[in-house]
Amino acid sequence: MAYEHNEIEKKWRAEWAKRGTYRVENDASRPKYYVLDMFPYPSGAGLHVGHPLGYIASDIVARYKRHSGFNVLHPMGYDSFGLPAEQYAIQTGQHPAKTTEVNVARYREQLDNIGFSFDWSREVRTSDPSFYKWTQWIFLQLFDSWYDHEAQKAKPIHTLVVRFGHQGWHHADACALTGDVEEELGAFSADEWKAYDERTKQRILQHFRLAYLSEAWVNWCPALGTVLANDEVKDGVSERGGHPVERKRMPQWSMRITAYAQRLLSGLDTLDWSESIKEAQRNWIGRSEGALVRFKVKSNLTPNPSPEERGTAHFDQDESDSGAISRFRETANPFIWSKLVAHAKEMRHNPTEAENKLWQAIRGNATSGRIRRQHIIDKYIVDFVSLRKQLVIEVDGDIHDLQIEEDALRTLALGEKGFKVIRFRNEEVLSDVSEVKRRIQAELDSRPDFSASADDKTEEEYSSPLPGRGVGGEAIEVFTTRPDTLFGVTFVTLAPEHELVEVITPANRRDEVMAYVTMAKNRSERERMTEVKRVSGVFTGATCIHPFTGQEVPVWVGDYVLGGYGTGAVMAVPGGDQRDWNFATHFNLPIIAVTEGADISKEADERKDATICSEGFLKGLKVPDAIKRAIDELEKRGAGERRINFRLRDAAFGRQRYWGEPIPIYYKDDVPYALPESELPLKLPEVDKFLPTEDGEPPLARAANWNYQGHPLETTTMPGWAGSSWYFLRYMDPKNEGRFASPEAINYWQQVDLYVGGSEHATGHLLYFRFWTKFLHDRGWINFDEPAKKLVNQGMIQGVSRFIFFMGVAINYPDVDNNTVVKLQEEMRRFPVVLVPESLYTQASRLKPTDVPMVRSFLNQMQQLRLERDPNAVGVITSQTLAKTHVDVSFVNPVTGELDISTYKKFVGNTQDVVVLSDGPLICPSEVEKMSKSKLNVVNPDDIISKYGADTLRLYEMFLGPLEQSKPWDTNGIEGTFRFLRKFWNLFHGHGDAFGVTDDAPTKPELKILHATLKKITEDIEKMSFNTSVAQFMIAANELGALKCNKRAVLEPLVIALAPFAPHIAEELWEKLGHTDSVTGAKWPQWDAQHLVEDSFSYPISFNGKTRLQLEFPIGLSKEEVEAQVLANPEVQAKLGGQPPKKVIVVPKRIVNIVV
RNA sequence: GCCCGGGUGGUGAAAUGGUAGACACGAGGGACUUAAAAUCCCUUGGUCCGUAAGGGCUGUGCGGGUUCAAGUCCCGCCCCGGGCACCA
């Protein structure tokens, strides 16, 4: 009876579905094992042979664990929200839900074909409201939490509110929080907190919530129309699609993953994950220890253009300044407010002509609502403002043209504080001030009233965005890992984005500095990376004070300092840091040697085992001691403190996209509030188009009634990683309507025991996955704080691409009229595809195609043919470029590399003919590349299965090599595993005969084969070394075949051992062996060492380590006996040639080595 | 530049410091067959000697070292893949 894989596999797939063989119950009486595959995104392209690699491996482990008595959870589902379905929707109008449905169905069909033991009753999809209800619920928990760094855990936000009511907020607490927002938050007392109104309180709390809304620098991808997380950007372009990405500041939902930086780092040590993934995460988190150092700024500050610069006209002014200044405190950035006040005063005394004219028109009660002028908001001095309506009116002179970007930033910053900005040009005001006034009035009327009463005091409270930090001197904060080199500081460098740049730059340097800043900011990330070596920068004109020496140190701006890392400023130690050295050398700044033995004329000395030699109290100390001493001294002087810095940034969470989970937030007075739990799931609304609105709002803004009790709902959606950060919990209890999973289910299943997936998720999914798990643990929802104990990364299966070379053919025509050109082009379009051999292409640099006789005669022929058809044909046929392109691998003989020209012709179709200019067959060279549709090298598992069966595919994928390793797919080799299955089948069937096994007692050699195989397979599965287990099965089949063994006692255990690898054939043979239950439930056969014991061992006899002959001795022989017998052997004696051996080493049951 | 992997026949690969190349593909030769498919048997790292049986030398990226013995351990390089990166 032949091995009919198609029938067998079809039969058992149906049978498994019917019997519910893989259904799993939460049976607490049995030990559990949780095997999980990384969540697939159901793409339209379907699966190729590379995708199932990990699934097969995890399926083998799952089935093996079942045989070993475990209750195994092995689920599958879909990460079904995502960009591709949405892009497709934008192009075709097809609803992403529909596309997703189709793709999921195809995935399911393909997965089913491979015979996985997934419990499909537990399937989950992230785009299913019953699933994303809980994603939204977890988001609300994050929104409702803050991170207590003393307790090192997340706590409910109300505990923070209580704490504020008791002890307020001291700025000293700020070092406990990381992320980029907290720094702006000033201290307040308990009484102040109690006095704040609701809006202010809410805005303060945003600085602590783990899911929060803030103005942040984001990776904006214009092509995708959305914000991307850091891990979604590679080399300055989007990971998906490769579109350029720019830095942009905008309001943005973020996740405070930075709060967990230390725990995410330390937790790695407890995990059985590959070293490379752990290392990638360590790099990504990027912890560095060092110190924060403050350099006090010494400079005469003019934060805005001076009156002269603005082209001031002197007009009389009448407003008394008394009282006005104190009001600034309310809206001003307290950090720099004293400088701003002085400047505002100056500007008020020196208005421009246009400013003065407008002021005369709108002052007093001329408009509804009082207008102030030259008012300080944050760090800006605005021309005019209505605090009550939060409307800023700016009058721009020519200078505006020079700093459009600056002003845009200013508008954004003011917007963040709740102010709308409208602008008028000088000429508009001067030519028709009443029209300007009318427009201002219209704006005022359309704005809501931000104060309950017109009372000034209340008004100002409302306009105060946040409580101030308190008045203090300006200081540049730098982070350094080498405080020991402080005495080597010769200058300080700020990043171009640093907010102090424009504050500290004196007027006479302003133009130059701002020009540099604008230039540096506009340089894209890409340029900055490719021009790493180029040094650029500018002196600000300001200086600061060295905290130890008290000397003045110049402040520079340089783009080698990154705005996003540390404090965006460095203390430059050119003697100890190569980048500082490069900068100092380029601009001729002084360089001080900081370490003994350094040659600072050539390069900086970055050694960390040196001795400090710069003058000062650190001189003579070793680096580590000097670091300690320096920090102690900084703390003593209040000039700095010990600081641990992380590279990890908070994760951008909002996406300006449709196909994702809606964020369950509504806005009241522009303040975000959590949607009540009872409103979940907040379902994705229907929209007319999946595009942004005309105003650039995300697609959800198109939805009708997108509000909650009249309050607008959030319009951005969650990123792809939201659902995948917790899905492993849902599988434990997928139908639960009252909780994301019941405590019983979570307690039973616990962590994932084995997680299998690609290493490309190292810094994205795997970090968020751990973050959410830790958070849920902190809040008491789960009792473990790492999601997966063991992680295995399967390697990529690469494709073998094939290439063809073709020659462009065109008509070389003289000057002719347009009509003729059109006709000629028409004719050219019908020219054949001309394929040429690789040799012609590689010679192209030395040889013109027309130098090749075959090409020349072909072109001549074509030209003649033309002339026969039309004697008046214009122009001459000529060759053009030679090009290389992918050709579908299915057109190429995989062994010879020969192109099947008739198939290729069919593919090209009837529009064009194909001509091959080659003496012999056309050989297509190959390259190993990523398997992908665009490279035409995709191999579909369905094709393999219909030819060889799923069992063969499963075995072959495992046989290819170690799971973790990447390897190219070569369909040729599959014959070997197919032959093995047939041999295995034939052991039960004689040779092509009916099924027949005997109950005879097995012989010794048969038992030895059986138990050696069981031992190897068991050990290999535990090690996940599947390629060697398949090899062992082959050895067993070959040897048992040679012995013509058809004994039940030998074959039956082997069927069970093979079942995890090739479940279909195993079920069929199991049934034929007389069992009525599934082989899935059979107990794993144990190997017995007694059958592996040998009577004798064939010793390799080596001379100086080189094996020369074999001698067999009984196992029981002692070392000495073996040695004596070996030396007595005539062959050995012959080799020795009469010389006595220097030494003889006998390793029992291994080797004998004779040293001569 | 730093940090992880990895480098073994024509190919995928195997090898607790102990016979390098298991297992499989491919290739070559043979058997069966009218023929093909399928199946089975033999050979297959390189090289040299020999008519043959058989034997010698050499060989795991390169150069050193430790050891009775090194693909495996140590030192120094080269190359490939991946991660991070003007990260202070």
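Letters A, B, ... mirror the listed sequences (proteins, then strands); counts begin at 1. Reckoned from all heavy atoms, side chains included, excluding hydrogens, waters and symmetry mates.
The CG atom of Leu766(A) lies 10.0 Å from the CG atom of Leu271(A); values are rounded to the nearest 0.5 Å. In this structure, NE2 on His546(A) lies 5.5 Å from CZ on Phe295(A), to the nearest 0.5 angstrom. One finds the OG1 atom of Thr1028(A) at 11.0 Å from the CZ atom of Phe1033(A) (value rounded to the nearest 0.5 Å).
Separating the P atom of G59(B) from that of A20(B) is a span of 12 Å, rounded to the nearest Å. Across C23(B) and G76(B), the matching P atoms stand 39 Å from one another, rounded to whole Å. Look at the C1' atom in both G9(B) and G63(B): the space between them is 24 Å, to the nearest Å. Across the C1' atoms, C41(B) and U47(B) are found 28 Å apart, a figure rounded to whole Å. On the P atoms, C78(B) is 28 Å away from U67(B), given to the nearest whole Å. G54(B) sits 38 Å from G65(B) when the P atoms are compared, rounded to a whole Å. Using P as the reference atom, A38(B) and A27(B) are 12 Å apart when rounded to the nearest Å. As rounded to the nearest Å, C84(B) and A70(B) have C1' atoms that lie 34 Å from one another.
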Quick one: side chains of residues 960-967 of chain A, donor-acceptor pairs under 3.5 Å with protein atoms, not counting sequence neighbours, listed by atom name and distance.
{"from": "Ser966(A)", "atom 1": "OG", "to": "Met796(A)", "atom 2": "N", "distance (Å)": "3.0"}
{"from": "Lys967(A)", "atom 1": "NZ", "to": "Pro962(A)", "atom 2": "O", "distance (Å)": "2.7"}
{"from": "Lys967(A)", "atom 1": "NZ", "to": "Gln965(A)", "atom 2": "O", "distance (Å)": "3.0"}

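Across all strands shown, the partner of G5(B) is C80(B), judged by Watson-Crick or G-U wobble contacts whose two distances both fall under 3.5 Å. In this entry U66(B) has no Watson-Crick or G-U wobble partner, no candidate having both defining distances under 3.5 Å. When both distances must be under 3.5 Å, the Watson-Crick or G-U wobble mate of G59(B) does not exist. For C32(B), there is no paired base (Watson-Crick or G-U wobble, both distances below 3.5 Å). Here G26(B) sits opposite U44(B) as a Watson-Crick or G-U wobble pair (both hydrogen-bonding atom distances under 3.5 Å).
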- Under 4.0 Å protein heavy-atom contacts per nucleotide of nucleotides 20-30 of chain B, with B for base, S for backbone only and - for none: --BBSS-----
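Atom CZ in Phe479(A) sits roughly 7 Å away from atom P in A88(B) (whole-Å rounding). Distance CZ (Arg649(A)) to P (C87(B)): 15 Å, rounded to an integer number of Å. What separates CD of Gln794(A) from C1' of G81(B) is a distance of 17 Å, to the nearest Å. The CG-C1' distance, from Asp1020(A) to A15(B), rounds to 12 Å in whole Å. Taking atom CG of Leu268(A) as the reference point, atom P of G83(B) lies 18 Å away to the nearest angstrom. In this structure, Gln1110(A) atom CD and U19(B) atom P are separated by 10 Å, rounded to whole Å. The distance between atom CZ of Phe1103(A) and atom C1' of C57(B), rounded to the nearest whole Å, is 17 Å. Atom C1' of nucleotide A14(B) and atom CG of Leu960(A) are separated by 15 Å, given to the nearest angstrom.
Of the possible polar contacts, one joining the Asn1129(A) side chain to the Val1132(A) backbone as a donor-acceptor pair under 3.5 Å is found.
For the pair Val1155(A) and Ser1025(A), nearest-nucleotide mapping onto RNA chain B gives the more 5' position to Ser1025(A).
The ring of Tyr956(A) has its center closer than 6.0 angstrom to the ring center of Trp969(A). Ring centroid separation for the pair Phe548(A) and Phe487(A) comes in under the 6.0 Å cut-off.
Residues Leu589(A) and Phe583(A) have side chains in contact (heavy-atom distance under 4.5 Å, counting atoms from C-beta outward).
Every salt bridge (charged side-chain N to carboxylate O under 4.0 Å, His left out) that Asp577(A) has, sequence neighbours left out, goes to Arg579(A). Checked against ring-ring contact (aromatic ring centres under 6.0 Å, His included), Tyr948(A) has the following partners two or more places apart in sequence or in another chain: Phe978(A). For the salt bridge (charged side-chain N to carboxylate O under 4.0 Å, His left out) test, residues two or more places apart in sequence or in another chain that qualify with Glu1019(A) are Lys1015(A). The ring-ring contact (aromatic ring centres under 6.0 Å, His included) search around Phe479(A) returns none, not counting sequence neighbours. Scanning for ring-ring contact (aromatic ring centres under 6.0 Å, His included) contacts around His498(A) gives an empty result, with sequence neighbours left out. Under the rule for a ring-ring contact (aromatic ring centres under 6.0 Å, His included), Tyr565(A) has no partner lying at least two apart in sequence or in another chain.
Of the candidate nucleotides C3(B), C84(B), G12(B), C3(B) has the atom nearest to the side chain of Glu279(A). Here U19(B) is the nucleotide among C4(B), A88(B), U19(B) with the atom lying nearest to any side-chain atom of Ile1151(A). Among the nucleotides C84(B), A88(B), C86(B), the one closest to any side-chain atom of Val561(A) is A88(B). Ranking C84(B), G18(B), A13(B) by closeness to the Gln965(A) side chain, first place goes to A13(B).
Taking 3.5 Å as the limit, the base of C68(B) and the side chain of Asn1153(A) contain a donor-acceptor pair of atoms between them.
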Under 3.5 Å, which protein N or O atoms sit close to an N or O of nucleotides 7-10 of chain B? Give each pair with its distance.
none

Between the protein and nucleotides 59-67 of chain B, which nitrogen or oxygen pairs are less than 3.5 angstrom apart?
none

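Base orientation for G61(B): anti, the chi torsion being more than 90° from 0.
Near RNA chain B, meaning a heavy atom under 4.0 Å from it, residues 485-494 of chain A has no residue at all.
Contact annotation: Arg647(A) side-chain N/O to A85(B) OP1/OP2 distance is under 4.0 Å. Between G54(B) and Arg1108(A), no contact under 4.0 Å exists linking OP1 or OP2 to a side-chain N or O.
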- Is there a side-chain hydrogen bond (donor to acceptor under 3.5 Å, both in side chains) between Gln1110(A) and Ser1098(A) once you walk through the steps? CA-CA 6 Å; Gln1110(A) 305 266 326; Ser1098(A) 176; 3.0 Å; yes
- Query: Are Tyr3(A) and Asn986(A) close enough, and set up right, to give a side-chain hydrogen bond (donor to acceptor under 3.5 Å, both in side chains), and what steps lead you there?
  - Reply: CA-CA 8 Å; Tyr3(A) 168 46; Asn986(A) 287 339; over 6 Å; no
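Pairs of residues two or more places apart, or lying in two chains, that qualify as salt bridge (Lys or Arg N to Asp or Glu O under 4.0 Å) and include a residue from residues 1023-1045 of chain A are Asp1020(A)-Lys1023(A).
Contacts of Pro962(A) with the nucleic acid, taken as non-hydrogen atoms under 4.0 Å apart, involve only primed sugar atoms and P, OP1 or OP2. The residue Val1147(A) sits close to a base: some heavy atom pair falls under 4.0 Å.
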